Q: 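Next up is a structure, given as structure tokens.
Keep in mind the model is a prediction, meaning the values are calculated, not measured. Just follow the structure's listing: the first ligand is 1, and inside any ligand the first atom is 1.
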Amino acid sequence: MSLDERIITQAILEGYFEKFKSSLDLDVAIVGGGPSGLTAARLLAADGFNVALFERKLSLGGGMWGGGMTFNIIVVQEESVHLLTDVGIPVAHYKDNYYTADAVAATTTLASAACLAGAKVFNCMSVEDVVLREQDGVKRVTGIVINSSPVEMAGLHVDPVVLGSKYLIEATGHAVEVLQTLVRKNDVRLNTPSGKIEGEQSMWAEVAETNTVINTREIFPGLYVAGMAANASYGSYRMGPIFGGMLLSGEKVAADIAAKLRG
Ligand code: 48H
Ligand code: FE2
């Protein structure tokens with residue numbers, strides 16, 4: 001069978017722009033493809049919402065590929081095991097409340113499950129800002145400002161484009177990048193004790209894991225924090241290579257936003 005390279009180009013262009021165009025008015029935009037963002041993407045897409053996830057890197061998975069210190073096994077607690085087994089990831093009981101999974105199997109399967117559930121994934125795409133609107137004196141995030149990662153990495157002066165979203169999930173991990181930008185550029189107060197980003201504290205896994213779920217909240221109108229970004233925003237601890245809190249945070253943010261969207 002003959003192959004026409006122009007048709008290959010055409011197939012890519014039409015497929016990509018169909019995906020892009022259907023993301024102009026999102027229910028939920030998720031920034032960051034780590035375990036919390038991927039879990040939220042899967043659950044919201046499975047609920048039928050128009051969801052897109054933006055990941056700066058080529059590969060999804062964030063900090064989960066390498067387990068602990070590149071020893072690529074992850075540990076999770078019992079309460080979160082269903083978020084792995086529901087998508088077919090094999091989980092082994094280690095002892096007591098400790099379970100393990102292969103980090104690569106877990107990462108690739110969470111990513112695959114999010115895509116197959118209908119979440120639109122834009123990898124190699126960086127979120128560099130948010131869209132703000134003010135109504136009755138209240139400012140709200142109503143969209144995201146995105147740019148191609150290679151543009152960002154090369155430092156090219158190329159302007160971004162904008163997509164609308166009813167809700168934004170900040171799941172960028174330790175750096176809390178999107179929220180940092182919001183606070184740096186605007187005179188806004190967050191739903192935190194100081195009104196600012198509180199900053200992450202040192203290692204205390206037990207408290208950190210509980211707090212990750214508690215801190216998964218709407219921190220600014222239209223903007224939820226999830227995963228490590230939730231802990232960094234609310235000033236909690238880090239937990240090292242235990243990932244149950246990240247998965248449960250993704251589950252919580254999906255449930256909270258789904259409830260809001262359903263009214
Ligand atoms: C697009 C962006 C942008 C941007 C960043 O760090 P992650 O894995 O996020 P979480 O919160 O789901 O998981 C945290 C976990 O991996 C971890 O680090 C733990 C448990 N640490 C404990 C400890 O003690 O250290 O993924 C965030 C993703 C990454 O893939 C980034 O590339 C991406 O977000 N990202 N994508 N636009 N502006 N900023
Ligand atoms: Fe980390």
Q: By atom name, which N, O or S atom of His174 is the nearest to the Fe ion (ligand 2)?
A: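 It is NE2 of His174.
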Q: Heavy atoms, side chains only, cut-off 4.5 Å: are Val183 and Lys196 in contact?
A: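 Sidechains of Lys196 and Val183: in contact.
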Q: Hydrophobic side-chain clustering at under 4.5 Å (ILVMFWY, transitive links): who's grouped with Val207? Put none if nobody.
A: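 Same cluster as Val207: Trp204, Tyr237.
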Q: Name the residues in contact with ligand 1, where contact means a heavy atom under 4.0 Å away: which are they?
A: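 The 4.0 Å shell around ligand 1 contains Val31, Gly32, Gly33, Gly34, Pro35, Ser36, Phe54, Glu55, Arg56, Lys57, Gly62, Gly63, Met125, Ser126, Val127, Ala171, Thr172, Gly173, His174, Glu177, Gly227, Met228, Arg238, Met239, Gly240, Phe243, Met246.
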Q: Could you verify whether a donor N or O on one side chain and an acceptor N or O on the other, from Arg56 and Ser149, lie under 3.5 Å apart?
A: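 No donor-acceptor contact under 3.5 Å links the two side chains.
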Q: Does the side chain of Asn231 come under 3.5 Å of the side chain of Thr212 through a donor N or O and an acceptor N or O?
A: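 Thr212 and Asn231 do have a side-chain donor-acceptor pair below 3.5 Å.
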Q: For Gln135, look at atom CD and say whether over 12 heavy atoms of other residues, nucleotides or ligands are found less than 6.0 Å away.
A: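 Count not over threshold, so no.
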Q: Just wondering, more than 12 heavy atoms not from Lys185 lying within 6.0 Å of its NZ?
A: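 12 or below, so no.
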